[in-house]
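See below for the structure under consideration.
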Amino acid sequence: MRVLVTGGAGFIGSQIVAALAARGHDPVVLDALLPAAHPEPPPRPDAEWILGDVRDREVLARALRGVDAVCHQAAMVGLGKDFSDAPEYVGCNDLGTAVLLAAMAEAGVEELVLAGSMVVYGEGRYDCRRHGRIRPGPRAAADLAAGHFEPLCTECGAELTSGLVGEDAPTDPRNLYATTKLAQEHLAAAWARATAGRAVALRYHNVYGPGMPRNTPYAGVASFFRSALERGEAPRVFEDGRQRRDFVHVRDVADANAIALETLGDREPGVLTAYNTGSGTPHTVGEMADALARAHGGLAPVVTGEFRLGDVRHITADSRRLRAELGWKPRIGFADGMTEFAADGLRGAAS
């Protein structure tokens with residue numbers, strides 16, 4: 001199968017390209033090499049390479065020739081610096097997706113795997129002993145500044161119990177990046193209905209592993225911690241470090257993409273199906289920082305009490321649908337993955 005991988009030179013995209021090639025497929029890399037993701041030129045993948053932007057129709061027309069399916073990874077990621085990033089996020093993520101889907105429709109390419117994100121859910125699942133399932137609103141800055149990080153029951157103010165989120169849960173994006181990721185899914189669903197295309201959105205959890213970019217506000221928390229350790233500094237953990245996340249290794253995510261691409265032909269046309277893509281074993285951010293610091297032999301993490309308004313407290317989703325329907329399962333456990341990540345290099349120039 002000939003597969004166009006947008007963002008194929010990036011952290012996740014490059015691993016997908018390698019996984020596809022290892023499985024006998026023919027990946028084609030399209031990447032604009034945006035400085036936020038590539039502070040220095042990345043290693044050239046062992047695949048056909050096209051330097052260009054997904055918003056460029058002429059580039060897309062060339063990139064889509066002879067292609068059977070598209071794996072769309074190109075996007076700006078992370079929370080960024082502030083809301084002044086909004087035009088870039090919407091332009092890269094949403095306009096870029098719209099232009100790509102229009103070009104796919106013109107080229108007759110009918111199969112798509114989209115890089116989604118668990119951030120579309122907002123806060124995770126919460127239950128109150130008295131009132132059952134509760135959907136807390138955004139956390140107030142005053143509460144966070146006072147060190148009150150846990151959402152409370154909106155009915156009685158009691159503490160809540162967090163749980164796993166299924167794909168059928170309502171979406172409630174809480175920041176700019178999350179909003180653009182949900183818009184990408186809506187665009188892909190509209191494309192599937194209009195063209196009888198087959199589409200899957202893989203809602204990634206916190207992806208980590210070798211090749212993450214260093215020293216950038218657009219990277220994930222694992223990269224922040226690993227960059228600090230490389231500089232000889234202690235990782236700085238926001239809030240109280242008890243935020244729960246699901247850290248999934250990048251090679252497991254690449255395998256999920258390859259399996260999703262291989263099974264697209266069996267899917268119902270005209271429908272986009274979302275799959276949570278996580279390890280299935282949640283950990284706190286503090287646990288991740290401790291594991292990484294120990295494996296690296298660096299300074300112990302410092303819990304700062306700082307916060308970011310766009311962050312949610314707990315978000316861990318149930319990935320059983322992906323395992324049951326596509327037969328995927330993660331192969332790299334938390335301890336082994338963090339040990340590898342602590343030793344492997346990051347991408348980009350150190351500073």
Side-chain angles (χ1 to χ4, degrees), residues 11 77-82 117-119 121-124 126 136 138-152 159-162 174-175 177-178 204-210 212-250 278-279 281-317 333-344 346 348 350-351:
F11 165 50
V77 300
L79 289 185
K81 292 176 287 189
D82 51 47
S117 175
M118 53 81 190
V119 296
Y121 297 116
E123 286 285 353
Y126 293 90
R139 297 180 294 170
D143 290 338
L144 295 170
H148 303 313
F149 303 122
E150 293 287 347
L152 301 177
E159 292 186 3
L160 300 171
T161 301
S162 63
R174 298 288 176 88
N175 57 58
Y177 171 65
Y204 302 158
H205 278 262
N206 289 68
V207 185
Y208 75 96
M212 292 190 84
R214 62 159 60 86
N215 300 328
T216 168
Y218 302 97
V221 65
S223 177
F224 294 164
F225 294 164
R226 178 65 176 77
S227 295
L229 290 165
E230 193 174 73
R231 296 192 301 269
E233 301 171 2
R236 296 176 60 82
V237 181
F238 280 13
E239 300 188 19
D240 58 4
R242 297 176 184 170
Q243 312 93 301
R244 297 178 74 226
R245 298 291 189 270
D246 184 329
F247 299 98
V248 59
H249 197 277
V250 65
S279 73
T281 307
H283 291 272
T284 68
V285 172
E287 287 172 343
M288 188 270 284
D290 285 336
L292 197 55
R294 287 196 306 272
H296 191 272
L299 296 173
V302 175
V303 178
T304 68
E306 297 172 271
F307 61 90
R308 299 187 300 181
L309 272 180
D311 282 337
V312 297
R313 179 60 175 174
H314 304 296
I315 177 61
T316 54
F334 179 78
D336 289 342
M338 288 297 162
T339 298
E340 177 199 22
F341 182 45
D344 283 350
L346 295 169
S351 62

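Please read these numbers as outputs of a predicted model, since none were measured by experiment.
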Among residues at least two apart in sequence or on other chains, which ones pass salt bridge (Lys or Arg N to Asp or Glu O under 4.0 Å) with Glu233?
Arg231
Side-chain contact test, heavy atoms from C-beta onward, threshold under 4.5 Å: evaluate it for Arg245 versus Val312 and give yes or no.
yes
Using side-chain contact (heavy atoms from CB on, under 4.5 Å) as the criterion, list what pairs up with Leu144, not counting sequence neighbours.
Arg139, Phe149, Phe307, Leu309
All side chain to side chain donor-acceptor pair (under 3.5 Å) counterparts of Tyr208, not counting sequence neighbours:
none
Quick check: do Val285 and Phe225 have side-chain heavy atoms less than 4.5 Å from each other?
yes
Please report the interatomic distance CZ(Phe341) to CE(Met212), rounded to the nearest 0.5 Å.
5.0 Å
Between Val302 and Ala234, the two heavy atoms sitting closest are CG2-CB, 3.8 Å
Would you say the side chain of Thr281 lies within less than 4.5 Å of the side chain of Phe334, judging by non-hydrogen atoms?
no
Identify the two heavy atoms, one from His314 and one from Arg244, that lie closest to each other, and give their separation to 0.1 Å.
ND1-N, 3.1 Å
Nearest heavy-atom approach of Gly122 to Arg174 is CA-CG, 3.7 Å
Does the pair Tyr121 and Ile315 meet the rule for a side-chain contact (heavy atoms from CB on, under 4.5 Å), with working shown?
CA-CA 8 Å; Tyr121 297 116; Ile315 177 61; 4.0 Å; yes
Thr339: side chain to side chain donor-acceptor pair (under 3.5 Å) partners, not counting sequence neighbours:
none
Residue set satisfying salt bridge (Lys or Arg N to Asp or Glu O under 4.0 Å) with Arg313, at least two apart, ordered chain then number -> Glu150, Glu239, Asp240
Partner residues of Arg236 under the side chain to side chain donor-acceptor pair (under 3.5 Å) criterion, sequence neighbours left out
Glu306
So which atom in Val77 and which in Tyr177 form the shortest heavy-atom distance, rounded to 0.1 Å?
CA-CE1, 3.6 Å
The criterion is side chain to side chain donor-acceptor pair (under 3.5 Å); which residues satisfy it with Ser279, sequence neighbours excluded?
Asp246
What pairs of donor and acceptor atoms, side-chain ones from residues 286-301 against any protein atom, are under 3.5 angstrom apart with sequence neighbours left out?
residue	atom	partner	partner atom	Å
Glu287	OE1	His283	ND1	3.4
Glu287	OE1	Thr284	N	2.9

Sequence neighbours excluded, the answer for side-chain contact (heavy atoms from CB on, under 4.5 Å) partners of Val250 is Phe11, Ile12, Gln15, Val207, Pro210
Identify, with sequence neighbours excluded, every residue that meets ring pair (Phe, Tyr, Trp, His ring centres under 6.0 Å) alongside His205.
none
If you round to the nearest 0.5 Å, how far is CD of Glu230 from OG of Ser223?
9.5 Å
